[in-house]
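So the structure is just underneath, and the comments pick up after that.
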Amino acid sequence: MPVTRRYSPEHPPGESCSFGLDFSFVVPVGVGVESGTLAILTNTAAPVDASADWTIGPVTVRGRAIYANLTGGVSGTDYQLKWTAVDSQGNAWPRTCLVLCADTS
C-alpha cells in the first residue's frame, strides 16, 4: 500500500503555487514518464470532487516528475491531490498527496 504524502507548508487560499510529485521512487529504472493527470478531491471519509475550488494549470512532465500550477482552494479545507503518471510502457502509477488550504504564518 502506497504511503500518502502531505505537502508542507499549507497552501494559502486564493494564491497560485506549483505542486508536483517525483515518480522516480516507483517507476522502474530505464522507464520514462510520458504524461500525467491530476484530480482534486476533498480529504474526507467520502471524498468528493473539489476541482471547482481550484484553477488547475496544465500537468507537465519534467524528467520523472509531473507538475501543475494550482490557484485557489477554500480556507480550512483539506484536499487530496490524486496524481497519475503514465510511463513509456503504458503503465499508470496513481499516487495521492494531501494539502491543507490555510493561511501560512
Side-chain angles (χ1 to χ4, degrees):
M1 178 177 206
V3 174
T4 301
R5 301 170 189 275
R6 179 170 289 278
Y7 291 105
S8 182
E10 294 80 17
H11 172 76
E15 290 196 20
S16 181
C17 297
S18 182
F19 288 85
L21 186 60
D22 186 353
F23 282 82
S24 295
F25 65 100
V26 292
V27 176
V29 174
V31 178
V33 172
E34 298 290 321
S35 64
T37 60
L38 173 62
I40 301 178
L41 300 115
T42 57
N43 189 35
T44 54
V48 295
D49 179 36
S51 57
D53 294 352
W54 297 85
T55 300
I56 305 171
V59 176
T60 58
V61 176
R62 289 187 217 151
R64 294 163 59 85
I66 57 177
Y67 293 86
N69 197 53
L70 303 178
T71 304
V74 175
S75 186
T77 304
D78 206 22
Y79 293 97
Q80 295 180 15
L81 276 58
K82 297 181 95 51
W83 298 97
T84 302
V86 178
D87 69 25
S88 56
Q89 296 179 343
N91 300 305
W93 300 92
R95 294 293 181 269
T96 301
C97 297
L98 305 177
V99 65
L100 174 63
C101 187
D103 290 320
T104 57
S105 53

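The figures that follow rest on heavy atoms only: side chains count, while hydrogens, waters and symmetry mates do not.
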Steps toward side-chain contact (heavy atoms from CB on, under 4.5 Å) verdict (I40, L70): CA-CA 10 Å; I40 301 178; L70 303 178; 4.1 Å; yes
Pair D87-E34, side-chain contact (heavy atoms from CB on, under 4.5 Å): steps then yes or no: CA-CA 5 Å; D87 69 25; E34 298 290 321; 5.9 Å; no
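Distance check, rounded to the nearest 0.5 Å: CD1 of I66 to OG1 of T84 gives 7.0 Å. Separating the CG atom in L98 from the CG atom in L81 is a distance of 8.5 Å, to the nearest 0.5 Å. Distance check, rounded to the nearest 0.5 Å: OG1 of T71 to CH2 of W54 gives 8.5 Å. Here SG of C101 is found 13.5 Å from CG of N43. Values are rounded to the nearest 0.5 Å.
Under a hydrophobic clustering in which Ile, Leu, Val, Met, Phe, Trp and Tyr are joined whenever their side-chain heavy atoms come within less than 4.5 Å, directly or via other members, W93 and L21 fall into the same cluster. One hydrophobic cluster, built from ILVMFWY side chains closer than 4.5 Å, holds both V59 and Y79. Linking ILVMFWY residues whenever their side-chain heavy atoms come closer than 4.5 Å, directly or via other members, places V33 and V26 in the same cluster. Criterion: ILVMFWY side-chain heavy atoms under 4.5 Å apart, direct or through other members. Under it, V27 and Y67 are not part of a common hydrophobic cluster. V99 is connected to I56 through a chain of hydrophobic side-chain contacts under 4.5 Å among Ile, Leu, Val, Met, Phe, Trp and Tyr, so both are in one cluster.
Of the possible polar contacts, one joining the Y7 side chain to the G20 backbone as a donor-acceptor pair under 3.5 Å is found. Of the possible polar contacts, one joining the R64 side chain to the V31 backbone as a donor-acceptor pair under 3.5 Å is found.
Taking all atoms of both residues into account, the shortest heavy-atom contact from P13 to S75 is CG-CB, 3.8 Å. Here the shortest heavy-atom pairing between A65 and D22 reads CB-CA, 3.7 Å. Listed here is the closest heavy atom pair of A68 and G57: CB-O, 4.0 Å. Minimum heavy-atom separation, Q80 to T96: CB-CG2, 3.9 Å.
The aromatic ring centres of F19 and H11 sit less than 6.0 Å apart.
Between R6 and D78 a salt bridge is recorded (basic side-chain N to carboxylate O distance below 4.0 Å).
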